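Just so it is clear, the structure is predicted and the values come from calculations on it, not from any experiment. In what follows, residues are counted from 1 in the order of the sequence shown.
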Amino acid sequence: MEQTPLSIQPQEILMVKAVEPWHVVVDIQRVFYRARYRADDAAPPASPLQPGDQLIVTHVSPEARTPVERLDRQGQRDGCCYELSEYQAVPEQAPPKPRGNVWP
């Protein structure tokens, strides 16, 4: 997977848009990125990541790995930590074309 340069800041909030077995799609400054994610082995999450979850960047690593922590519905850290890496921009999908009149 090709690395995409990002400008992520500490304390930035990332919105989870989709979750795949080894990747997560996050909204970073209104651009979607697919990133490999890995749960923190020292404190495994109580529940899996889900679309709609928010992640807060705990610090920025020069190795292109981003440690994050999930926020609960009240915006508080819930202790579930992950590491994001190998970012790749997700191309924007074109809006569906109007179907027009389907009646003869």
Side-chain angles (χ1 to χ4, degrees):
M1 200 178 279
E2 182 179 323
Q3 294 281 348
T4 302
L6 296 173
S7 175
I8 299 176
Q9 303 300 317
Q11 306 304 311
E12 188 167 349
I13 305 293
L14 313 179
M15 177 67 74
V16 175
K17 294 299 185 178
V19 179
E20 302 167 355
W22 302 105
H23 295 88
V24 63
V25 176
V26 291
D27 181 343
I28 302 174
Q29 300 170 1
R30 290 175 285 203
V31 177
F32 291 175
Y33 290 90
R34 175 174 279 112
R36 181 174 295 277
Y37 78 100
R38 186 175 67 90
D40 183 355
D41 295 333
S47 62
L49 279 177
Q50 298 179 16
D53 283 348
Q54 293 183 331
L55 305 172
I56 187 166
V57 176
T58 56
H59 69 276
V60 178
S61 166
E63 295 90 33
R65 299 186 184 280
T66 309
V68 296
E69 186 173 349
R70 184 169 52 191
L71 301 177
D72 64 18
R73 299 296 177 213
Q74 289 75 38
Q76 303 298 313
R77 296 170 185 246
D78 75 354
C80 296
C81 297
Y82 300 88
E83 181 181 83
L84 305 181
S85 63
E86 300 179 32
Y87 294 92
Q88 185 177 37
V90 176
E92 289 187 41
Q93 295 181 354
K97 294 181 181 179
R99 291 183 50 184
N101 189 355
V102 294
W103 296 99

Please name all residues satisfying side-chain contact (heavy atoms from CB on, under 4.5 Å) with [X], sequence neighbours left out, ordered by chain then number.
X: Glu83; answer: Arg38, Arg65
X: Val31; answer: Tyr33
X: Gln29; answer: Glu12
X: Gln11; answer: Ile56, Arg77

*Return yes if a side-chain donor-acceptor contact under 3.5 Å exists between Ser85 and Tyr37, otherwise no.*
no

*Of the non-hydrogen atoms in Ala18 and Pro51, which two are nearest, and what is the gap between them?*
CA-CG, 4.2 Å

_Where Leu49 and Val19 come nearest, the two heavy atoms and their spacing_ =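 Taking every non-hydrogen atom into account, O-CG2, 3.6 Å.
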
*Is there side-chain contact between Asp27 and Leu14, with at least one heavy-atom pair below 4.5 Å?*
no

What distance do [X] atom [atom1] and [Y] atom [atom2] have between them, rounded to the nearest 0.5 Å?
X: Arg34; Y: Leu84; atom1: CZ; atom2: CG; answer: 13.5 Å
X: Leu71; Y: Asp53; atom1: CG; atom2: CG; answer: 9.0 Å
X: Tyr82; Y: Leu55; atom1: OH; atom2: CG; answer: 8.0 Å
X: Gln54; Y: Glu69; atom1: CD; atom2: CD; answer: 13.0 Å

*Residues forming a side-chain hydrogen bond (donor to acceptor under 3.5 Å, both in side chains) with Gln74, sequence neighbours excluded*: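 side-chain hydrogen bond (donor to acceptor under 3.5 Å, both in side chains) list for Gln74, sorted by chain: empty.
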
*For Asp78, what residues pass the side-chain hydrogen bond (donor to acceptor under 3.5 Å, both in side chains) criterion, not counting sequence neighbours?*
Arg70

*Determine whether Val60 and Val26 fall in the same hydrophobic cluster, where Ile, Leu, Val, Met, Phe, Trp and Tyr are linked whenever their side-chain heavy atoms lie under 4.5 Å apart.*
yes

